[in-house]
Amino acid sequence: MHHVRITTPSRLHFSLLDLNGALGRIDGGFGLAITDPNFQIVAERATGIHVASSVYHERAHSVLKQLQKIHPFPGIRLTFESEIPMHCGFGSGTQLALSVAQSVNVLYELGLDVQELARIVGRGGTSGIGIAAFDTGGFIVDGGHRFPDQKTSFLPSSALGDIPPPPILLRHSFPESPMLIVMPNCSRIYGDAEIELFQTLCPQPEWVAQKLSHILLLQILPALIEGDMPNFGSALNHIQTFGWKRVEIEAQGNELQLTLDFLRTSGAFGAGVSSWGPAICVLGEKIGELKRETEAFLKTLPNGGSCFITQANNSGARVVLD
């Protein structure tokens with residue numbers, strides 16, 4: 001074996017379920033793996049660590065050093081041929097960490113599964129969607145963490161210590177018809193700003209978790225299983241109007257809400273912000289036509305934006321050995 005090529009999905013995170021903890025669990029959530037954007041990384045054995053990436057050089061080094069402490073290996077050379085943009089709602093941190101760790105795992109035949117790799121590189125402290133997206137793809141629901149004995153605070157994964165990934169409650173294939181991703185250029189929420197919002201606005205009211213769980217169980221999941229994308233989209237629209245998703249949307253500024261309003265009145269079944277955004281997942285029937293209209297709309301925003309067509313990934317990361 002001389003080379004390994006790993007191509008990851010991105011993940012869309014539609015909503016956390018419970019930021020209250022009244023039932024003894026927090027977090028939980030649901031989301032979807034998509035084909036683009038992606039990481040494509042070519043890895044080969046080497047002496048020492050060499051990373052060819054202008055954006056992810058330091059973060060990839062950090063992941064490799066974490067892995068090397070537990071599973072010593074001589075070295076690796078990584079070449080990034082495509083990259084997921086940071087802080088856009090695509091889960092780049094988890095996909096980066098797992099793809100880099102999987103490169104070492106395969107090249108040096110460590111025999112670790114994806115859950116073990118996620119523990120080593122510190123992913124899954126809030127959401128398990130990105131881990132499952134890498135592992136299996138598809139539409140995913142995770143069951144959160146025990147509160148407060150397993151996790152004691154409402155914080156993002158980046159601010160947490162050694163917390164295991166949550167259990168995956170459901171994985172289901174998603175229709176691979178085209179969907180639109182829309183990205184207005186607005187503020188990005190991460191790091192200290194993200195931590196401050198969690199600290200100041202959690203716990204959320206108990207009714208928010210109850211309402212989200214009701215929508216998930218009796219609207220989103222039946223629509224998914226029956227292939228009813230108009231009703232799935234309607235549920236996405238509803239989720240944008242209350243609870244933590246309102247926090248995420250309002251933190252981004254007016255452009256994100258204006259874009260959601262435009263999409264809802266332009267023939268989309270539904271439009272949902274992924275995590276903190278600014279990426280918006282748009283479902284509809286005439287995606288090509290909607291893309292052209294959205295490109296024109298984005299030009300009217302103060303800072304513009306971009307959009308592209310992708311589809312669901314129902315298989316997870318692809319590993320090819322040379």
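- Under the 4.5 Å side-chain criterion, counting only non-hydrogen atoms from C-beta, Ser92 is not in contact with Phe90.
- Cluster annotation: Ile41 and Phe134 are assigned to the same hydrophobic cluster (Ile/Leu/Val/Met/Phe/Trp/Tyr, side-chain heavy-atom contacts under 4.5 Å, transitive).
- Listed for the Thr136 side chain is a donor-acceptor partner under 3.5 Å among the backbone atoms of Ala132.
- Residue Asp113 places its CG atom among more than 12 non-hydrogen atoms of other residues, nucleotides or ligands, all under 6.0 Å distant.
- Contact detail for Ala312 and Glu176: the closest heavy-atom pair is O-CG, 3.9 Å.
- In this structure, His172 has its ring center at least 6.0 angstrom away from the ring center of Phe139.
- Smallest separation of non-hydrogen atoms from Pro165 and Ala118: CG-CB, 4.1 Å.
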Intermediate values then yes/no, side chain to side chain contact (heavy atoms under 4.5 Å, CB included), Asn237 and Arg264: CA-CA 8 Å; Asn237 287 340; Arg264 289 192 193 115; 3.4 Å; yes

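- A salt bridge between Asp18 and Arg25 is absent, with no side-chain N of the basic residue lying under 4.0 Å from a carboxylate O of the acidic one.
- The distance from the NE2 atom of His71 to the CZ atom of Phe73 is 10.5 Å, given to the nearest 0.5 Å.
- Distance alone, capped at 3.5 Å, is enough to place a donor-acceptor pair between the Asn20 side chain and the Gln204 backbone.
- For Arg318, the salt bridge (Lys or Arg N to Asp or Glu O under 4.0 Å) criterion is met by no residue, not counting sequence neighbours.
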Trace of the side chain to side chain contact (heavy atoms under 4.5 Å, CB included) decision for Asn303 with Glu255: CA-CA 9 Å; Asn303 298 304; Glu255 289 90 346; 4.0 Å; yes

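- Thr265 places a side-chain N or O within 3.5 Å of a backbone atom of Asp261 that can act as its donor or acceptor partner.
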Worked check of side chain to side chain contact (heavy atoms under 4.5 Å, CB included) between Ile49 and Lys65: CA-CA 9 Å; Ile49 292 174; Lys65 292 295 186 182; 4.0 Å; yes

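- No donor-acceptor contact under 3.5 angstrom links the side chains of Asn38 and Thr7, judged on distance only.
- At most 12 heavy atoms of other shown residues, nucleotides or ligands fall within 6.0 angstrom of atom CG in Leu23.
- Between Cys88 and Arg188 the shortest heavy-atom distance is SG-NH1, 3.1 Å.
- Note: Leu217 CG to Ile215 CD1 = 11.5 Å, rounded to the nearest 0.5 Å.
- Remark: the Gln257 side chain and the Arg246 side chain contain an N/O donor-acceptor pair separated by less than 3.5 Å.
- Asp142 contributes a side-chain N or O that, together with a main-chain N or O of Gly128, makes up a donor-acceptor pair within less than 3.5 Å.
- Among residues two or more places apart in sequence or in another chain, the side chain to side chain donor-acceptor pair (under 3.5 Å) test is passed with Ser234 by none.
- Here Leu32 contributes atom CG and His13 contributes atom NE2; the two are 12.0 Å apart, rounded to the nearest 0.5 Å.
- In this structure, the side chains of Gln150 and Pro164 come closer than 4.5 Å at one or more pairs of heavy atoms.
- Inspection of the Ser99 and Thr8 side chains reveals no N or O donor paired with an N or O acceptor under 3.5 Å.
- Counting only N and O atoms by type, the side chains of Thr47 and Arg45 include no donor and acceptor under 3.5 Å apart.
- With sequence neighbours left out, the side chain to side chain donor-acceptor pair (under 3.5 Å) criterion links Glu83 to Ser53.
- Thr294 has its side chain within reach of Leu298: a pair of non-hydrogen atoms, C-beta onward, lies under 4.5 Å apart.
- The shortest side-chain heavy-atom distance between Ser177 and Gln311 does not fall under the 4.5 Å cut-off.
- Here the straight-line distance linking atom OG1 of Thr241 with atom NE2 of His238 works out to 4.5 Å at 0.5 Å rounding.
- Atom CZ of Phe297 sits in a crowded spot, with more than 12 heavy atoms from other residues, nucleotides or ligands closer than 6.0 Å.
- In this structure the side chain of Lys151 reaches within 4.5 angstrom of the side chain of Thr126, judged on heavy atoms.
- Ile76 and Ser103 make their closest contact through CD1-CB, 3.9 Å (heavy atoms, listed as atom of the first residue, atom of the second, distance).
- Criterion: ILVMFWY side-chain heavy atoms under 4.5 Å apart, direct or through other members. Under it, Leu78 and Leu117 are part of a common hydrophobic cluster.
- Here the CD-CG distance, from Gln240 to Leu260, works out to 5.5 Å after rounding to the nearest 0.5 Å.
- Without hydrogens or angle criteria, Arg5 side chain to Leu321 main chain gives no donor-acceptor distance under 3.5 Å.
- Between Phe39 and Tyr56, the angle of the ring planes goes over 60°, which puts this pair in the perpendicular group of the 30/60° scheme.
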Pair Ile239-Ile220, side chain to side chain contact (heavy atoms under 4.5 Å, CB included): steps then yes or no: CA-CA 11 Å; Ile239 289 166; Ile220 287 178; 3.7 Å; yes

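- Annotation: side chain of Ser213 is not in contact with side chain of Leu216 (no heavy-atom distance under 4.5 Å).
- Between Gln66 and Ser62, some side-chain heavy-atom pair lies under the 4.5 Å cut-off.
- Distance alone, capped at 3.5 Å, is enough to place a donor-acceptor pair between the Asn314 side chain and the Phe174 backbone.
- Ser15 places no side-chain N or O within 3.5 Å of a backbone atom of Leu17 that could act as its donor or acceptor partner.
- In terms of hydrophobic clustering, with Ile, Leu, Val, Met, Phe, Trp and Tyr side chains grouped at heavy-atom distances under 4.5 Å, Val100 and Ile131 are assigned to a common cluster.
- When all heavy atoms of Glu44 and His3 are compared, the closest pair comes out as OE1-NE2, 3.5 Å.
- Taking both residues in full, the closest heavy atoms of Phe80 and Val51 are given as CE1-CG1, 3.7 Å, listed atom of the first, atom of the second, then distance.
- A 4.5 Å side-chain heavy-atom check between Ile168 and Val141 finds every atom pair outside the cut-off.
- Atom OG in Ser153 sits 6.5 Å away from atom CD1 in Ile26 (nearest 0.5 Å).
- Cluster membership for Val42 and Leu107, using ILVMFWY side-chain heavy atoms within less than 4.5 angstrom, is not shared.
- Proximity of the aromatic rings of Phe198 and Trp244 is defined here by a centroid distance below 6.0 angstrom, and this criterion is met.
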In residues 275-291, what donor-acceptor pairs under 3.5 Å come from side-chain atoms, sequence neighbours left out?
residue : atom : partner : partner atom : Å
Trp276  : NE1  : Glu194  : OE2          : 2.9
Lys291  : NZ   : Glu295  : OE2          : 2.5

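- With no hydrogens or angles considered, a side-chain donor-acceptor pair links Gln102 and Asn105 at under 3.5 Å.
- One hydrophobic cluster, built from ILVMFWY side chains closer than 4.5 Å, cannot hold both Phe269 and Leu218; they sit in different ones.
- For Asn185, the side chain to side chain donor-acceptor pair (under 3.5 Å) criterion is met by no residue, not counting sequence neighbours.
- Taking the six-membered ring where tryptophan is involved, the planes of Phe14 and Phe232 are perpendicular, since the angle between them exceeds 60° and thus also 30°.
- Residues satisfying the side chain to side chain donor-acceptor pair (under 3.5 Å) criterion with Arg119, sequence neighbours excluded, are absent altogether.
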